[in-house]
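Before any comments, here is the structure.
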Amino acid sequence: MLSVYSKNKNDGALKRSEISSLIYPLYSSRLDQYDHSNFAMENKAMTSITITRPDDWHIHLRDGEQLVDTVRDVSRYMGRAIIMPNLVPPVTNTQLALSYYDRIKAAKPQGQFEPLMVLYLTDKTSAADIKEAHATGKVVAAKLYPAGATTNSDSGVTSIENMAPVFAAMEEVGMLLLVHGEVTDSSIDIFDREKIFIETKLKKLVTDFPTLKVVLEHITTADAVEFVNQAGDNIAATITAHHLLYNRNHMLAGGIRPHFYCLPILKRNIHQDALVKAATSGSKKFFLGTDSAPHMKDKKEAACGCAGSYTAHAAIELYAEAFELAGALDKLEAFASHNGPDFYNLPRNTDTITLEKASWDVPDFYPLGGDKVVPIRAGEQIEWQVK
Ligand SMILES: NC(=O)N[C@@H](CC(=O)O)C(=O)O
Ligand SMILES: [Zn+2]
Ligand SMILES: [Zn+2]
């Protein structure tokens with residue numbers, strides 16, 4: 001399968017349907033309801049695990065012709081997803097959020113997939129913008145990107161202090177604040193930017209708005225784990241599969257691997273260990289958010305490559321590997337399917353998916369809007385697959 005697809009890399013003659021059948025032979029469409037109880041698994045060499053259908057609480061679906069590919073991947077088994085708003089131009093108001101919602105729905109998600117929309121905060125966002133978005137019932141959160149912190153964050157917030165009326169409105173209506181937690185000061189080392197953001201910005205923010213629900217997105221450090229653990233019940237965090245499985249050695253030792261380059265950047269292994277411990281601890285404060293962020297192959301494999309790693313092709317499969325490595329497969333369901341909806345005050349999904357231990361070859365690339373995206377684990381194997 002892999003070699004056939006690879007050989008045709010430069011052959012534009014392959015139709016999309018042919019590509020799909022080449023790269024998705026192992027995926028079945030959504031499962032029917034399973035009647036056996038959750039955790040139908042053997043205790044020793046676990047070969048199968050059934051969990052409540054998961055959701056992805058942080059994903060980038062992009063827009064335009066890429067949508068059909070990203071929506072197909074996320075909706076294979078995710079029930080819902082928090083849709084990141086860093087488009088060009090960004091999703092800064094209700095009208096833009098609702099039309100983006102419609103475009104996602106028009107991209108033919110499988111099953112009952114429901115996009116949960118997010119407003120992109122700028123210096124110009126007002127309390128009225130928050131209330132209008134909240135009233136739609138489709139916009140469940142707003143995202144704070146410090147200006148310049150990451151991909152398409154140029155229109156982000158330049159002064160968190162000036163956002164007080166917006167945060168007060170969010171606190172009032174019960175809208176969640178999602179945070180890309182890195183400072184942007186060029187004098188701060190890139191590996192320290194999350195830790196310094198927590199110390200200099202986030203601690204004050206959560207003190208000033210004591211009932212605001214905050215998700216510190218894609219955490220990467222032991223410092224973030226400690227902050228979240230010590231904070232109140234209104235503070236939670238998402239953790240990506242790649243930050244559980246990898247550290248900066250994977251990106252930098254023995255050659256530079258641009259597909260591991262994402263923000264916040266992979267840290268040293270002691271931080272990876274702290275993330276694994278948090279995700280598998282059973283704490284309700286940590287939940288699944290892939291931060292799957294596709295960029296075209298040529299924009300990653302470049303002299304100045306884009307930040308973002310693609311994992312939506314195998315999200316729960318990669319998390320299953322990480323939890324199995326930690327000897328904590330029994331904690332996967334809470335992390336992937338319970339803690340997120342509980343924190344967002346949404347119902348848990350009511351049906352299940354089943355993962356089986358059966359390795360499969362990840363292709364060298366997947367289609368992305370007529371171009372290619374190189375996924376995490378490209379050309380290698382993944383140990384689990386969804387039945
Ligand atoms: N994580 C990334 O490295 N990139 C994300 C943006 C983000 O989530 O910070 C993207 O949109 O490409
Ligand atoms: Zn981010
Ligand atoms: Zn992201």
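Note that ligands are numbered from 1 as they come in the structure, with each ligand's atoms numbered from 1 the same way.
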How open is the angle at the Zn ion (ligand 3) from atom NE2 of His60 over to atom NE2 of His58, rounded to 10 degrees? 110°
Lys105, NZ: over 12 other non-hydrogen atoms inside 6.0 angstrom: yes
Answer yes if the ring centres of Phe335 and Phe287 are under 6.0 angstrom apart, and no otherwise. no
Can you tell me which N/O/S atom of His180 has the shortest distance to the Zn ion (ligand 2)? ND1
Can the positive tip of Arg248 be found less than 6.0 Å from the middle of the six-membered ring of Phe191, inside 45° of the ring normal? yes
Check whether Phe365 forms a cation-pi arrangement with Lys372 (NZ or CZ under 6.0 Å from the six-membered ring centre, at most 45° off the ring normal). yes
Between ligand 1 and the protein, find all N/O pairs closer than 3.5 Å and give the distance for each.
{"from": "ligand 1", "atom 1": "1 (N)", "to": "Leu263", "atom 2": "O", "distance (Å)": "2.9"}
{"from": "ligand 1", "atom 1": "1 (N)", "to": "Asp291", "atom 2": "OD2", "distance (Å)": "2.7"}
{"from": "ligand 1", "atom 1": "3 (O)", "to": "Leu263", "atom 2": "N", "distance (Å)": "2.7"}
{"from": "ligand 1", "atom 1": "3 (O)", "to": "Ala307", "atom 2": "O", "distance (Å)": "3.3"}
{"from": "ligand 1", "atom 1": "3 (O)", "to": "Gly308", "atom 2": "N", "distance (Å)": "3.2"}
{"from": "ligand 1", "atom 1": "4 (N)", "to": "Ala307", "atom 2": "O", "distance (Å)": "3.1"}
{"from": "ligand 1", "atom 1": "8 (O)", "to": "His60", "atom 2": "NE2", "distance (Å)": "3.1"}
{"from": "ligand 1", "atom 1": "8 (O)", "to": "Asp291", "atom 2": "OD1", "distance (Å)": "3.1"}
{"from": "ligand 1", "atom 1": "9 (O)", "to": "Thr150", "atom 2": "OG1", "distance (Å)": "2.6"}
{"from": "ligand 1", "atom 1": "9 (O)", "to": "His180", "atom 2": "ND1", "distance (Å)": "3.1"}
{"from": "ligand 1", "atom 1": "11 (O)", "to": "His60", "atom 2": "ND1", "distance (Å)": "3.3"}
{"from": "ligand 1", "atom 1": "11 (O)", "to": "Arg62", "atom 2": "NH1", "distance (Å)": "2.8"}
{"from": "ligand 1", "atom 1": "11 (O)", "to": "Arg62", "atom 2": "NH2", "distance (Å)": "3.4"}
{"from": "ligand 1", "atom 1": "11 (O)", "to": "Asn86", "atom 2": "ND2", "distance (Å)": "2.8"}
{"from": "ligand 1", "atom 1": "12 (O)", "to": "Arg62", "atom 2": "NH2", "distance (Å)": "2.7"}
{"from": "ligand 1", "atom 1": "12 (O)", "to": "Thr151", "atom 2": "OG1", "distance (Å)": "3.2"}
{"from": "ligand 1", "atom 1": "12 (O)", "to": "His295", "atom 2": "NE2", "distance (Å)": "2.8"}
{"from": "ligand 1", "atom 1": "12 (O)", "to": "Ala307", "atom 2": "O", "distance (Å)": "3.1"}

Return the name of the atom in Asp291, of element N, O or S, nearest to the Zn ion (ligand 3). OD1
If you measure from CD on Glu194 to OG1 on Thr221, what distance do you get to the nearest 0.5 Å? 3.5 Å
Looking at CG of Asn152 and CZ of Arg62, how far apart are the two atoms once the value is rounded to the nearest 0.5 Å? 6.5 Å
Mind checking whether His313 and Tyr310 have parallel, tilted or perpendicular rings, split at 30° and 60°? parallel
